[in-house]
Colleague: 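Once you've had a glance at the structure underneath, I'll fire off some questions.
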Amino acid sequence: MAEVRVRFAPSPTGYLHIGGVRTALFNWLFARHAKGKLILRIEDTDQDRSTDEAIQAILDGMRWVGLDWDEGPFRQTERMDLYRQQALRLLEQQQAYWCLCTAEDLEARRKEAMAKGLQPGYDGRCRERGITVPSGSAALRFKASREGQIVVEDLIKGRVVFDNNVLDDLIILRSNGYPTYNFSVVVDDALMGITHVIRGDDHLNNTPRQIPIFKALGHAIPSFGHLSMIMGADKAKLSKRHGATSILAYKDMGYLPEAMINYLVRLGWSFGDQEIFALAELIEKFDLAHVQKSSAVFNPDKLLWMNAHYIQHGEPKRLAGLLRPFFGQVDLGEAAAKASDVWMEKLVVTLRERAKTLVEMATAAVPYLQEELTVEPAAAEKFLTPAIAPSLTKLTDRLEGVADFSKAVLEETFKNFLEEEGLKIGQLAQPVRVSLTGRTASPGIFEVMDLLGRDRTLARLRQGIALAGRTRP
RNA sequence: GUCCCCAUCGUCUAGCCUGGCCUAGGACGCUGGCCUUUCAAGCCAGCAACACGGGUUCAAAUCCCGUUGGGGACGCCA
């Protein structure tokens, strides 16, 4: 069995979006599963719309989700001679011909045909003109067969049959000398030895136009697998209208790459009822046979749930590292920079059950990094009352005497204190919580004390007592 | 308009190929409960789908045909 070679071939006309990442992911998984190669090819033959920034965004996006490639990135604009050479070869073989029709003319004829309800394709006007040396600008068209049919045995969709009479003669070389998409893909897929073309559904109709070109070039035809599209909630193809679709935007929103991967792979592929997959497991289990034929709606809620799952189960050390850049967003970049890695891991462990994204986690971390605690007025109003001040004072004195400021000892001391005072935990926990965090909701108070450390815990409790003891209007 | 693809809970899906085990399973979300020092997390329960119509068959979510609906493509874009 020959080596499997697949490719991901984005065009750099915009950022790398969710749909593109999924296509890349399925190719990547297919290649890794088969121990084959993934080739990254940038299809930048559209001079007007391709940008270097977009190329960079694609590479950054791929790297962020951890999809690496074995060859490339190749840029089609660096392979122009190749396409021209191959195109001219087809001309020599009389499988292509010069066309003098202008773009404007073609556009007008297309509209006219559409209006009449006819097929809008090229009418073949120059097909038999036998133009050998074109004067001025001319495009080169592929001479397609008009009879018979093309059968595609699609790896995902199954057998798809196209009648050749619905196809027209497509341009392979523009009058500016650049190849068109349908030609450059074929040349590259052929020359790069691609064995499986796994791409979006929107290319299914291009397949019967590309197969004859493979044949004309004298090259073996690869297998094809067409992935269904990802839709927005309105069931239309996912686009900018559906919010942040750039993959890097999800990075900024505090999503974990593994959550993204796991979510995306389940959007169209399944392995029984399993939802959570480690990467190694995906490589082992992935196959095209279980890829859904129908399109899928992107569900942000499930992605969020998936992210929460990975935050909750991920390695604290790694999570802590990923979290650090987010403190800038909450104006605590400096404080965070001073915090040790060990402390940061502890922070992650205490906050992870309450944060669905790294952004949420950074926000939740504010009370623990703040030098001067911001206390929510409503929280103080409700729980830091004069009535509680004596108990709070006594508790603080007691805590002050604790030598080992660990969670277990703290908890034991606290419980003993409650018993002696005849208090219930509910009566004192909230005042302590508000003193310590300034909020009514937080992780368990002993975890908080542990995180804050002795000095800050005691200082904040004293501050809480002061707040509780002060007279109010 | 023409061609192509698709069709199971609101959403992602299992089941479909190889009909019976399906009074259709799981997940997200939603609702309720439990746990509980708050909030979460966790656990338990509940709501909720085979688009429609014909066939084939003893039997159809599963096979066939049609209808409807959705999507995609029809470019000197990719």
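Each chain gets a letter, A, B and so on, in the order the sequences are listed, and its residues count up from 1.
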Colleague: I want to check one thing: is the phosphate of B/rC12, taken as OP1 and OP2, less than 4.0 Å away from some side-chain N or O of A/Lys302?
Modeller: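 No.
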
Colleague: Would you kindly say whether A/Arg89 and A/Gln86 are connected by a side-chain donor-acceptor distance under 3.5 Å?
Modeller: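 Per modelled atom types, A/Arg89 and A/Gln86 side chains form a pair under 3.5 Å.
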
Colleague: If you check the A/Asn182 side chain, which of B/rC74, B/rA78, B/rA41 turns out closest?
Modeller: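 Of all the options, the side chain of A/Asn182 is nearest to B/rA78.
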
Colleague: Would you check if the distance from the ring center of A/Phe286 to the ring center of A/Trp28 is below 6.0 Å?
Modeller: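 Ring centres of A/Trp28 and A/Phe286 not closer than 6.0 Å.
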
Colleague: Remember a base hit wins even if backbone is also touched, and classify A/Glu275 as base, sugar-phosphate or nothing at under 4.0 Å, heavy atoms.
Modeller: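 Result for A/Glu275 = base.
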
Colleague: With heavy atoms under 4.0 Å as the rule, sort A/Asp301 into base, sugar-phosphate or nothing.
Modeller: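 It contacts sugar-phosphate atoms only.
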
Colleague: Does A/Ile425 reach a base, just sugar-phosphate, or nothing at all? Heavy atoms under 4.0 Å.
Modeller: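 Here A/Ile425 touches the bases of the nucleic acid.
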
Colleague: Could you check how far CG of A/Leu303 sits from P of B/rC28, rounded to whole Å?
Modeller: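 Going from A/Leu303 (CG) to B/rC28 (P), I get 14 Å.
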
Colleague: Please measure how far the C1' atom in B/rU56 lies from the corresponding atom in B/rG19, and state the result in whole Å.
Modeller: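 It works out to 11 Å between them.
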
Colleague: Is the phosphate of B/rU38, meaning OP1 or OP2, less than 4.0 Å from a side-chain N or O of A/Thr440?
Modeller: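 Checking B/rU38 against A/Thr440, no side-chain N or O comes under 4.0 Å of OP1 or OP2.
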
Colleague: Using the C1' atoms only, state how far B/rU11 lies from B/rA48, rounded to an integer number of Å.
Modeller: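 Nearest-Å result for B/rA48 against B/rU11 at atom C1': 12 Å.
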
Colleague: Tell me which nucleotide, if any, is Watson-Crick or G-U wobble paired with B/rA60 when both distances must be under 3.5 Å.
Modeller: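 Result: none.
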
Colleague: Can you tell me the Watson-Crick or wobble partner of B/rA73, both distances under 3.5 angstrom?
Modeller: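 WC or wobble partner is B/rU2.
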
Colleague: What is the pairing partner of B/rU38, taking Watson-Crick or G-U wobble pairs with both distances under 3.5 Å in any strand?
Modeller: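 Paired with B/rU38, as far as the under-3.5 Å criterion goes, is no nucleotide at all.
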
Colleague: Are A/Arg398 and A/Glu420 within salt-bridge range, i.e. N to O under 4.0 Å?
Modeller: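 Looking at A/Arg398 and A/Glu420, the cut-off is met.
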
Colleague: Expressed as a whole number of Å, how far does the C1' atom of B/rG1 sit from that of B/rU8?
Modeller: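 Per the computed distance, 33 Å lies between those C1' atoms.
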
Colleague: Between B/rC28 and B/rG46, how far apart are the two P atoms, rounded to whole Å?
Modeller: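 Their P atoms lie roughly 15 Å apart.
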
Colleague: Could you tell me how far B/rA49 sits from B/rG15 if I compare only their C1' atoms? Round to whole Å.
Modeller: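 These two C1' atoms come out 13 Å apart once rounded.
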
Colleague: Please classify the nucleic acid contact of A/His203 as base, sugar-phosphate, or nothing, using heavy-atom distances under 4.0 Å.
Modeller: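 Here A/His203 touches the bases of the nucleic acid.
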
Colleague: Are OP1 or OP2 of B/rA78 and a side-chain N or O of A/Thr45 less than 4.0 angstrom apart?
Modeller: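 True: A/Thr45 side-chain N/O within range (under 4.0 Å) of B/rA78 OP1/OP2.
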
Colleague: For the residue pair A/His309 and A/Trp305, categorise the inter-ring angle as parallel (less than 30°), tilted (30 to 60°) or perpendicular (more than 60°).
Modeller: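 Rings of A/His309 and A/Trp305: tilted, as their planes differ by 30° to 60°.
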
Colleague: When the P atoms of B/rG25 and B/rA61 are considered, how many whole Å apart are they?
Modeller: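 Approximately 14 Å lies between the P atom of B/rG25 and that of B/rA61.
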
Colleague: A/Arg354 CZ to B/rG42 C1': how many Å, rounded?
Modeller: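 Rounded to the whole Å, the gap is 12 Å.
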
Colleague: If you find the nucleotide of RNA chain B closest to A/Arg266 and the one closest to A/Arg141, which residue's nucleotide is nearer the 5' end?
Modeller: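 Taking each residue's closest nucleotide, the earlier one in sequence belongs to A/Arg266.
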
Colleague: Could you check A/Asp273 against A/Asn299 and say which one's nearest nucleotide on RNA chain B is further toward the 5' end?
Modeller: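 The 5'-side residue here is A/Asn299.
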
Colleague: Using a cut-off of strictly less than 4.0 Å, decide whether A/Arg110 has a side-chain nitrogen or oxygen near OP1 or OP2 of B/rC76.
Modeller: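 The answer is yes; a side-chain N or O of A/Arg110 sits under 4.0 Å from OP1 or OP2.
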
Colleague: Just to be sure I understand the rule, does A/Glu107 reach a base, reach only the sugar-phosphate, or reach nothing, if contact means heavy atoms closer than 4.0 Å?
Modeller: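 Since no nucleic acid heavy atom lies under 4.0 Å of A/Glu107, the category is nothing.
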
Colleague: Which part of the nucleic acid, if any, lies within contact of A/Gln292, taking any heavy atom under 4.0 Å across all strands shown: a base, the sugar-phosphate backbone alone, or nothing?
Modeller: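 It contacts sugar-phosphate atoms only.
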
Colleague: Kindly point out which of B/rU37, B/rC39, B/rA41 is positioned nearest to the side chain of A/Lys356?
Modeller: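 The listed nucleotide nearest to A/Lys356's side chain is B/rA41.
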
Colleague: Hey, do the aromatic rings of A/Tyr83 and A/Tyr178 have their centres closer than 6.0 Å?
Modeller: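 For A/Tyr83 and A/Tyr178, the ring centres are not under 6.0 Å apart.
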
Colleague: Report the distance from atom CG of A/Leu204 to atom P of B/rU2, rounded to the nearest whole Å.
Modeller: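 One finds 19 Å between P of B/rU2 and CG of A/Leu204, rounded.
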
Colleague: How many Å lie between CD1 on A/Ile213 and P on B/rA78, as a whole number?
Modeller: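 Rounded to the whole Å, the gap is 13 Å.
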
Colleague: Need one value for A/Lys415: base, sugar-phosphate or nothing, where a base atom within 4.0 Å counts as base even if backbone is also close, heavy atoms only.
Modeller: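 Counting heavy atoms under 4.0 Å across all strands, no contact is made by A/Lys415.
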
Colleague: Using a heavy-atom cut-off of under 4.0 Å over every strand shown, decide if A/Ser175 touches base, sugar-phosphate, or nothing.
Modeller: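 Touches a base.
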
Colleague: When the P atoms of B/rG29 and B/rA24 are considered, how many whole Å apart are they?
Modeller: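 Going atom to atom, P in each nucleotide, I get 24 Å.
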
